[in-house]
Amino acid sequence: MNSPCKVEEDSTFTNISLTDDTEYSSRTLYSRESLDSRMMNADMDAVEAENQVELEEKTRLINQVLELQHTLEDLSARVDAVKEENLKLKSENQVLGQYIENLMSASSVFQTTDTKSKRK
């Protein structure tokens, strides 16, 4: 960098005379702004990447929750169907039990007999 500076030294102080430092100043300012801009862009890229990871994780969790909801709905429907089938089978068992009792009471094979009267 070529800056128009005049340096004078004595035993105690160093004097630097800047004849025209506007160009150097603007370059320094521009360099700092450029560096700040690059740092901000890097920070923004890091934040954006972090946000992307969070978004993907949220999406994955939402899909998992939806899948679990569908599974729960399916299981609930299955439980309802099994309950209904159970009630139907209980009713059929009662009917069959009553039918068997009626057959047993009508049949002479299942009638109680007096064993003392048969021995005589």
Side-chain angles (χ1 to χ4, degrees):
M1 177 173 1
N2 189 9
S3 67
C5 297
K6 181 179 176 189
V7 177
E8 296 176 6
E9 291 187 33
D10 66 14
S11 62
T12 311
F13 298 103
T14 302
N15 293 323
I16 301 175
S17 171
L18 301 176
T19 56
D20 185 15
D21 64 346
T22 56
E23 183 180 331
Y24 173 74
S25 252
S26 67
R27 280 192 304 225
T28 303
L29 183 60
Y30 177 74
S31 295
R32 285 185 186 155
E33 287 176 353
S34 178
L35 179 62
D36 289 344
S37 176
R38 285 188 300 237
M39 288 174 60
M40 287 177 57
N41 285 341
D43 288 344
M44 288 172 44
D45 289 344
V47 168
E48 188 175 310
E50 186 177 315
N51 287 343
Q52 182 65 28
V53 168
E54 287 179 8
L55 180 63
E56 289 172 1
E57 179 67 12
K58 285 178 183 179
T59 302
R60 186 186 67 77
L61 289 173
I62 288 170
N63 288 336
Q64 188 177 10
V65 166
L66 290 173
E67 183 179 337
L68 290 171
Q69 282 179 336
H70 292 304
T71 301
L72 181 60
E73 289 171 356
D74 293 344
L75 289 173
S76 181
R78 177 70 178 136
V79 166
D80 290 343
V82 168
K83 282 182 180 180
E84 188 177 314
E85 181 69 18
N86 185 29
L87 288 174
K88 181 180 169 186
L89 291 173
K90 278 184 181 181
S91 176
E92 288 177 6
N93 281 344
Q94 287 178 343
V95 169
L96 289 173
Q98 187 63 42
Y99 178 72
I100 290 170
E101 278 183 33
N102 290 342
L103 285 177
M104 289 173 56
S105 66
S107 174
S108 61
V109 174
F110 295 106
Q111 294 295 322
T112 58
T113 56
D114 191 4
T115 55
K116 292 181 184 177
S117 64
K118 286 189 176 182
R119 288 188 185 171
K120 294 184 182 178

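- The main-chain N or O of E67 is found under 3.5 Å from a side-chain atom of T71 such that the two form a donor-acceptor pair.
- Atom CZ of residue R60 and atom CD1 of residue I62 lie 11.0 Å apart, to the nearest 0.5 angstrom.
- Within a 6.0 Å sphere centred on CD of E48, heavy atoms belonging to other residues, nucleotides or ligands number 12 at most.
- For the atom pair CD (E92) and CD (E85), the distance works out to 7.5 Å, reported to the nearest 0.5 Å.
- Partner S76 forms a side chain to side chain contact (heavy atoms under 4.5 Å, CB included) with one of D80, D74, V79 and no other, that one being D80.
- Heavy atoms from other residues, nucleotides or ligands lying under 6.0 Å from CD of E84 number 12 at most.
- A donor-acceptor pair under 3.5 Å is absent between the side-chain atoms of S91 and the main chain of L87, judged by distance alone.
- Inspection of the E56 and Q52 side chains reveals an N or O donor paired with an N or O acceptor under 3.5 Å.
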